[in-house]
Structures are given as C-alpha cells and as structure tokens.
Amino acid sequence: MQRRFFLKSTSAVLMSAISPGIYPNFAIKSTIEWSHGMKPLYCLAYIDPEYKLHKGQESSIAKYPITVIPQESSSKYYRFRKKLAGLNSQQKVLAYQMTLDENGLRGPGHELLRKVNNSWLTLPGGIIPTIDIPSGKVMKRRIYDPRDEEFRQRFVEACKLLVNKYEFDGIFLDNCTIYGRFANVPYLGSSLKQGLQQLIQDVRSALPDTILLGNSRYNWKGLNGEMNEGRPKELSKEVAFFSGHVKPHINMYQYYMKKSNDVLVAEQNFRLAIANQCFFGVAVNAQTIKWFDFFDKVLSEYEIV
C-alpha cells in the first residue's frame with residue numbers, strides 16, 4: 001500500500017472512531033497554501049487620514065495583510081503610515097499609481113510624470129483622444145502613450161522613487177490596461193499592448209523584488225498578479241495560472257457591496273475568491289474600511305500554511 005493512501009485511510013478510520021462529544025472542535029480543514037502564510041485579504045484605502053469622514057480607520061486598515069493607499073508624501077500621510085506600521089509591522093503597504101491616465105493626483109510619482117508633456121497618445125491626423133473620468137463632474141483626460149521612450153523612462157523613475165525613497169513595499173498600478181476603443185483598433189491595439197508590456201517589464205527590471213500588482217483584465221508579464229474589480233463571472237478565466245507572473249503570485253478580487261448590510265453576498269464572494277486562489281477585498285467604497293466578522297468565520301474552515 002502506498003504511504004499517501006495509507007495515511008489517508010488511517011485518518012478516515014480514526015475520524016470514524018472519535019466521539020463528537022469528546023472532541024467537538026476536531027475537524028480536518030482545507031488548506032490555503034497559496035497566500036504565502038497570510039490571510040488572503042487586502043483593502044483599498046483611498047483616504048485622507050485627517051479628513052473628518054475618513055479619519056480614525058487605522059486600526060481597521062492595519063488588520064489587513066496588504067493595503068493600497070495614496071502615495072502622498074505630506075506630513076499627515078507620514079503620520080498615517082507610521083501609525084499603520086506601529087499597529088502591524090508585517091503589513092505590506094502598496095502605493096497607488098495611475099498607469100496611463102492623465103491625472104491631478106498628489107504624490108511624488110504622479111508629480112514626476114506630469115513633467116512629461118509630449119508623450120500623449122496621438123491618432124492619425126494629430127488627434128489627441130481623451131477619456132471621460134467621472135469625478136463629481138465629468139473630466140476629460142488625455143492618455144500617455146506607453147510606446148513613448150520618454151514616458152517609459154519617467155514612469156520607471158516614478159516607481160523607483162516610491163520604493164527606494166518613500167519605502168513602499170510595492171506599487172498598485174491602477175487602470176493598467178489599454179482601453180477597448182483603442183485596443184480593438186487593428187495594429188494600434190497590439191502596438192499599444194506591446195508598449196505597456198514593455199513598460200511593465202522595464203519597471204520589473206528596475207525593481208526586481210518589489211510587489212507589482214495591476215488593476216487589469218489582462219495578464220501582464222512581470223507583475224505578481226492582477227485585480228479583478230467586480231467581475232465575478234470572469235474571475236476564474238482572468239486568474240487562471242499565467243507563467244509570466246513573478247513570484248510571489250498575488251491575484252486579487254474586489255467586491256463592492258451594494259449597501260453596508262450586504263454581508264451575506266459579500267461572504268459568498270469571499271468564498272468565490274478563495275476558490276479561485278485570490279486575495280479578497282470588500283467595501284461599500286474605498287474610503288470606508290471595515291474588518292467583517294465573516295472573514296474569521298470563513299477562515300476558521302481553513303488552515304493557512
């Protein structure tokens with residue numbers, strides 16, 4: 001009899017002989033061996049830590065093994081990060097970095113990129129297209145061209161700055177994608193994808209040991225993984241094993257609750273994330289961070305190794 005089969009058979013016999021009344025809590029648990037010893041949870045915390053509607057959430061944020069926060073370097077964000085580190089020194093803190101979208105966000109990485117003024121995606125005829133960004137009112141933003149050498153160099157500098165000077169554990173690349181209206185154009189789409197892939201590989205070469213995650217439907221070589229943001233039906237396809245990812249592999253699934261008491265559906269989505277070997281994030285919005293009781297309930301069914 002093979003040893004593996006023998007052990008399984010012996011375990012089954014022992015379990016049948018144990019009285020539930022004597023060992024009421026004894027059970028063989030499923031294992032989570034893909035989360036690198038961490039609870040498979042993260043939070044998006046896009047907050048102003050001293051704004052009255054956002055402040056006081058550090059204790060909740062610090063419970064998560066991974067968090068994504070603004071990259072701002074002002075004194076209030078210094079105090080914010082220092083408090084998080086005091087509450088959980090093992091937490092991985094990732095800087096939020098917009099990838100190709102023009103933006104007015106604060107932070108050393110974004111500010112460095114704004115020095116690039118001649119790298120916009122330009123269509124035949126000299127047309128510089130824009131995308132609509134809903135932010136209270138719709139704002140039209142240009143898009144950086146990932147094929148542009150100056151932009152790629154500056155982007156790498158921005159990422160290095162965040163990691164080497166401001167000591168972030170990693171970078172979360174938001175909108176790490178080529179928008180469909182451009183991706184579906186023959187030749188242009190494939191050329192832009194190649195440009196973005198080269199950009200990511202340039203960052204990886206500059207920061208070989210840094211956690212790099214992207215908000216994207218695509219799989220990108222050089223990232224540790226991507227985030228699926230509210231697309232449960234596409235989750236299994238999007239997070240299927242991809243050999244181009246860098247270890248440690250970290251895929252993410254974000255579920256936005258319809259309302260604050262949407263916990264039953266949120267729990268179902270947590271189970272979906274675990275079934276697909278994804279870290280799970282959940283909130284009503286990225287400014288309200290809570291630690292939900294169902295996290296511990298679901299994780300009590302597993303052994304994290």
Side-chain angles (χ1 to χ4, degrees), residues 34-36 38 40 42 44 65-69 71 92-101 107-110 112-113 116 119 121 143-180 182-183 188-229 231 234-235 237-254 276-279 281:
W34 44 266
S35 66
H36 323 293
M38 298 184 289
Y42 71 92
L44 305 179
I66 300 173
T67 185
V68 181
I69 68 171
Q71 59 169 266
K92 302 300 182 184
V93 180
L94 310 187
Y96 177 94
Q97 174 66 51
M98 189 65 76
T99 309
L100 300 180
D101 300 7
H110 292 130
L112 184 59
L113 284 178
V116 180
S119 299
L121 175 62
I143 305 166
Y144 291 108
D145 190 332
R147 301 168 297 181
D148 184 86
E149 186 67 25
E150 182 187 3
F151 170 72
R152 288 212 302 260
Q153 289 178 358
R154 288 284 187 163
F155 194 90
V156 172
E157 289 176 21
C159 292
K160 288 172 63 178
L161 186 65
L162 293 173
V163 173
N164 295 334
K165 181 175 181 179
Y166 294 97
E167 300 183 333
F168 281 97
D169 298 302
I171 301 172
F172 179 78
L173 302 174
D174 199 12
N175 292 356
C176 185
T177 191
I178 304 300
Y179 293 109
F182 308 115
L188 176 64
S190 60
S191 178
L192 290 173
K193 289 177 185 177
Q194 290 172 12
L196 180 51
Q197 179 61 84
Q198 185 61 56
L199 172 67
I200 293 168
Q201 290 179 309
D202 289 349
V203 175
R204 174 54 69 192
S205 295
L207 299 168
D209 302 316
T210 296
I211 298 172
L212 299 176
L213 301 174
N215 183 359
S216 184
R217 295 174 181 265
Y218 299 110
N219 285 318
W220 298 105
K221 294 178 182 178
L223 294 185
N224 296 89
E226 288 86 19
M227 181 177 80
N228 171 305
E229 192 171 21
R231 300 183 299 277
E234 301 173 33
L235 185 62
K237 179 181 178 181
E238 289 184 13
V239 303
F241 177 75
F242 174 59
S243 60
H245 282 157
V246 173
K247 294 182 179 179
H249 298 163
I250 302 174
N251 280 313
M252 309 164 80
Y253 171 50
Q254 180 72 25
N276 286 279
Q277 299 189 5
C278 288
F279 281 70

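Values reported hereafter were calculated over all heavy atoms of this structure, with side chains retained and with hydrogens, waters and symmetry mates removed.
- For the side-chain hydrogen bond (donor to acceptor under 3.5 Å, both in side chains) condition, the pairs that include at least one residue of residues 153-172, sequence neighbours left out, are E149-Q153.
- Residues V246 and H249 share a closest heavy-atom pair of O-CD2, 3.4 Å.
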Is there a side-chain contact (heavy atoms from CB on, under 4.5 Å) between L173 and L223 once you walk through the steps? CA-CA 10 Å; L173 302 174; L223 294 185; 4.1 Å; yes

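- Side-chain contact between H36 and I250 is present, with at least one heavy-atom pair separated by less than 4.5 Å.
- Summarising the geometry of R152 relative to R147, their closest heavy-atom pair is NH1-O, 3.4 Å, with the distance given to 0.1 Å.
- In this structure, F279 and I66 have side chains that are in contact, with non-hydrogen atoms separated by less than 4.5 Å.
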Side-chain atoms of residues 207-219: list all donor-acceptor pairs with protein atoms under 3.5 Å, sequence neighbours left out, distances to 0.1 Å.
{"residue": "N215", "atom": "ND2", "partner": "D174", "partner atom": "OD1", "Å": "2.8"}
{"residue": "N215", "atom": "ND2", "partner": "E229", "partner atom": "OE1", "Å": "2.9"}
{"residue": "S216", "atom": "OG", "partner": "C176", "partner atom": "O", "Å": "2.8"}
{"residue": "S216", "atom": "OG", "partner": "Y218", "partner atom": "N", "Å": "3.0"}
{"residue": "S216", "atom": "OG", "partner": "W220", "partner atom": "NE1", "Å": "3.1"}
{"residue": "R217", "atom": "NH1", "partner": "E234", "partner atom": "OE1", "Å": "2.6"}
{"residue": "R217", "atom": "NH1", "partner": "E234", "partner atom": "OE2", "Å": "3.2"}

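- The two atoms that bring L162 and P108 nearest to each other are CD2-CG, 3.9 Å, heavy atoms only.
- Residues Y96 and L44 fail the side-chain proximity criterion, which asks for heavy atoms closer than 4.5 Å.
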Walk me through it: do C278 and L235 pass the test side-chain contact (heavy atoms from CB on, under 4.5 Å)? CA-CA 9 Å; C278 288; L235 185 62; 4.0 Å; yes

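- Considering only heavy atoms from C-beta on, D145 comes within 4.5 Å of L192 through its side chain.
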side-chain contact (heavy atoms from CB on, under 4.5 Å) between F182 and I143: does it pass, once the steps are laid out? CA-CA 11 Å; F182 308 115; I143 305 166; 3.4 Å; yes

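- Between F242 and H245, the ring-plane angle classifies as perpendicular under the 30° and 60° cut-offs.
- In this structure the side chain of W34 reaches within 4.5 angstrom of the side chain of P40, judged on heavy atoms.
- The two residues K221 and Q197 have their closest heavy-atom pair at O-NE2, 2.8 Å.
- For the pair P146 and L196, the tightest heavy-atom approach, listed with the atom from each and the gap, is CB-N, 3.5 Å.
- For F151 and Y144, the ring centers are positioned less than 6.0 Å apart.
- Checked by atom type and distance alone, the side chain of N251 pairs as donor or acceptor with a backbone atom of E226 at under 3.5 Å.
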Would you check, one step at a time, whether the test side-chain contact (heavy atoms from CB on, under 4.5 Å) holds for L199 with F155? CA-CA 8 Å; L199 172 67; F155 194 90; 3.6 Å; yes

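- Here OG of S119 is found 11.0 Å from CG of L100. Values are rounded to the nearest 0.5 Å.
- D148 places a side-chain N or O within 3.5 Å of a backbone atom of E150 that can act as its donor or acceptor partner.
- Side-chain contact between Q254 and Y42 is present, with at least one heavy-atom pair separated by less than 4.5 Å.
- Here the OG1 atom belonging to T67 is positioned 7.5 Å from the CG atom belonging to L94, to the nearest 0.5 angstrom.
- For the pair Q277 and F241, the minimum side-chain heavy-atom distance is 4.5 Å or more.
- Between Q71 and A95, the shortest heavy-atom distance links the atoms CB-CB, 4.0 Å.
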